[in-house]
Amino acid sequence: MPELPEVETVRRELEPQVVGQAIGEAGSHWSAKFTPAVDAIGATITGAGRRGKFLLLPLSDDRELVIHLGMTGKLSFADRLDPDGAGDPYLRAWWQLDDHVLLFHDVRRFGRIRIVPTGDYRTIPTLANAGPEPWDPALTAARFHASIARSKRAVKTQLLSQRPVAGVGNIYADEALWAAQINPKVSRLGLERAGRLLDEVRNALEQGIENGGTTLRDYRNLEGGRGQNQHLLQAYGRTGLPCRRCDTPLTSEVIDARTTVWCPRCQRR
DNA sequence: GTACGGCCCTGTTAGC
DNA sequence: TGCTAACAGGGCCGTA
């Protein structure tokens, strides 16, 4: 599932191939999640940005094309659109650019596309309320700690909310909590532990980007290649396997509707 | 404003 | 072998 490292990997690949390209035609699946794609017709893409897990493509007419990949969304290029659409039953949107066609493929349809006035994210609540980017200099340990202290919910739930820091999903939340030796169910963190968790969130995301993202099943980069970070995971997907710090079998439980994996010994409550 | 549950989706896997 | 149910989970929405 694309989290910040996967979206950033796609953004970096996308940028040189879409910036300056005009959108001549576009089409979409009937779902309202994807129909806004066609509203981009006539505009030129002027950049390729990212905010948390959202891809932001600024357009020449003071609007932004916002793409969320959901769980199974993928972007790719083709020389031309398959005329009968039979080549890809999960094609949800496409944009004819000057040099090629940008395709949005999404099996489970958890992705979504929006076009908004530049910087006006009121119609996208998670984006509008997103916390700072992980490497924002304004995101200090104190600010991160204060953000977590505002809620009584489990720290895992808070990370997934995108409010303390943007871009963390289920995989990198479990990895950061494991590295910081913090139990995912605690709701109170001291300043020092919050600072450690913030450091490990940054480390987990940096490692993910360096390795081209985590491919467990669906995620692919723009070229269709797999990420490599799945080989380096310490917690996510390792239920019952020995903790690589203390050999205790990792345990798991559903927290906030997400399977959460942790070490019962070195991430004690 | 916060907390929580349910829903959207469909391929894969486990169980019978 | 074939069918059914459970599972995966990011974001949104309604309700309390």
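Any value given below was found using the heavy atoms of this structure, including those in side chains, with hydrogens, waters and symmetry copies removed.
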Enquirer: Check this for me: does any side-chain nitrogen of one of A:Arg63 and A:Asp61 sit under 4.0 Å from a carboxylate oxygen of the other?
Expert: yes

Enquirer: On the 0 to 90° scale, with breaks at 30° and 60°, tag the A:His29-A:Phe34 ring pair as parallel, tilted or perpendicular.
Expert: perpendicular

Enquirer: Is A:Glu25 atom CD crowded by more than 12 heavy atoms from other residues, nucleotides or ligands, each under 6.0 Å away?
Expert: no

Enquirer: Nearest-Å distance, CG (A:Leu69) to P (B:dC9)?
Expert: 17 Å

Enquirer: Just N and O in the side chain of A:Lys33: are any of them under 4.0 Å from OP1 or OP2 of C:dG11?
Expert: no

Enquirer: CD1 of A:Ile255 versus C1' of C:dG10: gap in Å, rounded?
Expert: 17 Å

Enquirer: Please evaluate the base of C:dA8 for a donor-acceptor partner in the side chain of A:Arg108 within a cut-off of under 3.5 Å?
Expert: yes

Enquirer: Specify the separation, in whole Å, of atom CZ of A:Phe110 and atom P of C:dG11.
Expert: 11 Å

Enquirer: With a cutoff of under 4.5 Å between side-chain heavy atoms, which Ile, Leu, Val, Met, Phe, Trp and Tyr residues group with A:Phe54?
Expert: A:Leu56, A:Val66, A:Val116, A:Tyr121, A:Ile124, A:Leu127

Enquirer: Quick one: is A:Tyr121 getting a side-chain N or O under 4.0 Å of the C:dG11 phosphate, OP1 or OP2?
Expert: no

Enquirer: Using a cut-off of less than 4.0 Å, is there contact between a side-chain N or O of A:His68 and OP1 or OP2 of C:dG10?
Expert: no

Enquirer: Any donor-acceptor pair under 3.5 Å joining the side chain of A:Arg112 to the base of C:dG11?
Expert: no

Enquirer: Report yes or no: is the cationic atom of A:Arg245 (NZ for Lys, CZ for Arg) closer than 6.0 Å to the six-membered ring centre of A:Trp178, at no more than 45° off its axis?
Expert: yes

Enquirer: Report, one pair per line, the protein and nucleotides 3-5 of chain B atoms (nitrogen or oxygen only) whose separation is under 3.5 Å.
Expert:
from	atom 1	to	atom 2	distance (Å)
B:dA3	OP1	A:Ser151	OG	2.9
B:dA3	OP1	A:Lys152	N	3.0
B:dA3	OP2	A:Ser151	OG	3.0

Enquirer: Using whole Å, report how far CD of A:Glu6 lies from P of C:dG9.
Expert: 13 Å

